[in-house]
Amino acid sequence: MPDSLTHKHLLEAGDLDLDDATLVLDTAAQIESALAGREVKKLPTLRGRTVVNLFFEDSTRTRISFELAAKRLSADVINFSAKGSSVSKGESLKDTALTLEAMGADGIVVRHSASGAPHRLATWVAGSVVNAGDGTHEHPTQALLDAFTIRKRLGRLDGVRVVITGDVLHSRVARSNVRLLHTLGAEVTLVAPPTLLPVGVASWPVTVSYDLDAVLTGADVLMMLRVQAERMNASFFPSAREYSRRYGLDAERMARLGDDAIVMHPGPMNRGMEIAADVADSPRSTIVEQVGNGVSVRMAVLYLLLGGNA
Ligand code: NCD
């Protein structure tokens with residue numbers, strides 16, 4: 001087993017082969033147990049290093065957990081959000097990046113509405129770039145924390161049957177999960193109305209279904225996706241009510257899942273739309289756990305990318 005990642009950046013789930021992905025998950029588990037029960041939840045590993053969180057798009061969980069992850073590794077953390085910065089005066093991504101570079105950033109965590117922005121950024125800076133979500137493209141640390149959560153709850157990933165349901169078309173979470181889960185040996189089924197599936201899905205390593213009820217009983221994991229209204233410029237389904245009826249997870253549908261099956265959602269949720277409130281708050285739901293696991297997994301990623309090249 002290697003002790004460092006193959007690539008300098010984490011731009012997409014495809015940057016991780018099976019050894020890399022397993023290394024991140026194992027490192028996250030080690031970090032979690034090293035900190036469990038400790039009063040001071042801090043490791044000295046990245047002391048003297050600088051991590052910049054560069055958020056050009058809104059975020060709650062991802063931004064906060066990257067900040068916490070870097071701080072728990074004792075890095076100096078700079079939080080930059082486009083609102084209130086010179087970006088609103090028209091400064092480009094490149095000039096923003098070069099400014100941060102001049103300040104000595106070792107790691108740059110970036111979220112941007114343009115697919116591919118982190119890849120561009122990686123060509124301009126000397127530090128490691130971590131993609132925290134780019135447009136509808138990828139969100140690799142979300143996929144890692146989801147895989148970590150599945151492994152923790154079910155004890156394995158190989159052969160696990162994961163059903164991902166909802167707005168796949170606009171979901172970077174779905175794209176990253178499909179790639180990472182495939183690498184880790186899980187079997188993925190995508191369920192969505194035909195209008196919310198991307199062109200080209202036939203070439204993905206997945207099974208596609210338009211009928212949630214038909215695939216429910218065989219699932220070990222049911223991952224619900226948010227309907228991303230802010231990315232929709234047309235009508236993709238007749239009404240919210242109709243969407244919920246066909247693709248929403250309510251208590252009645254949840255009751256048909258196998259005994260050990262879990263329900264996931266990356267957040268933020270539209271309660272009552274893709275997931276009913278009582279389902280989201282049920283013991284089968286890992287939604288709050290996913291957020292907690294996100295900190296350990298992001299610590300592992302920052303540690304593996306920035307820790308070894310002092
Ligand atoms: C997701 C995102 O921003 O891509 N949320 C997250 O990072 N936890 C999913 C979403 O916005 O629906």
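First listed ligand is number 1; within each ligand, the first listed atom is number 1.
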message: Can you confirm if the aromatic rings of His137 and His112 lie within a centre distance of less than 6.0 Å?
response: no
message: Measuring from non-hydrogen atoms of Ala132 to any atom of ligand 1, is the shortest distance under 4.0 Å?
response: no
task: Give a yes-or-no answer on whether the side chains of Asp134 and Ser115 include a donor-acceptor pair shorter than 3.5 Å.
output: no
message: Run Asp167 and Arg226 through salt bridge (Lys or Arg N to Asp or Glu O under 4.0 Å) and show every step you take.
response: CA-CA 6 Å; Asp167 184 0; Arg226 184 173 66 90; over 6 Å; no
- request: Please write down residue, atom name and distance for the protein heavy atom closest to atom 11 (O) of ligand 1.
  value: Arg226 NH2, 2.9 Å
- request: Ignoring hydrogens, just give me the one of Gly294, Gly267, Ser59 whose non-hydrogen atom is nearest atom 9 (C) of ligand 1.
  value: Gly267
- prompt: So which protein heavy atom does atom 3 (O) of ligand 1 come closest to, and at what separation?
  reply: Arg172 NH2, 2.9 Å
message: Using a plain distance cutoff, I'd like to know if Val173 has any nitrogen or oxygen under 3.5 Å from a nitrogen or oxygen of ligand 1.
response: no
- prompt: So if you build clusters from Ile, Leu, Val, Met, Phe, Trp, Tyr with side-chain heavy-atom gaps below 4.5 Å, do Leu306 and Val77 land together?
  reply: no
- prompt: Checking Arg111 against Phe55: charged group under 6.0 Å from the ring centre and within 45 degrees of the axis?
  reply: no
query: Can you find an N or O of Pro266 that's nearer than 3.5 Å to an N or O of ligand 1?
result: yes
task: Let me see the working for Glu12 and Asn131 under side chain to side chain contact (heavy atoms under 4.5 Å, CB included), right down to the final yes or no.
output: CA-CA 7 Å; Glu12 51 190 56; Asn131 180 1; 5.6 Å; no
- request: Please state whether the rings of Phe237 and Tyr243 are parallel, tilted or perpendicular, taking 30° and 60° as the class boundaries.
  value: tilted
Those atoms of ligand 1 less than 4.0 Å from some heavy atom in Gln142: 6 (C), 7 (O), 8 (N)
task: Out of His139, Gln290, Arg175, Arg61, indicate the one that has the non-hydrogen atom closest to atom 7 (O) of ligand 1.
output: His139
message: Measuring from non-hydrogen atoms of Arg111 to any atom of ligand 1, is the shortest distance under 4.0 Å?
response: yes
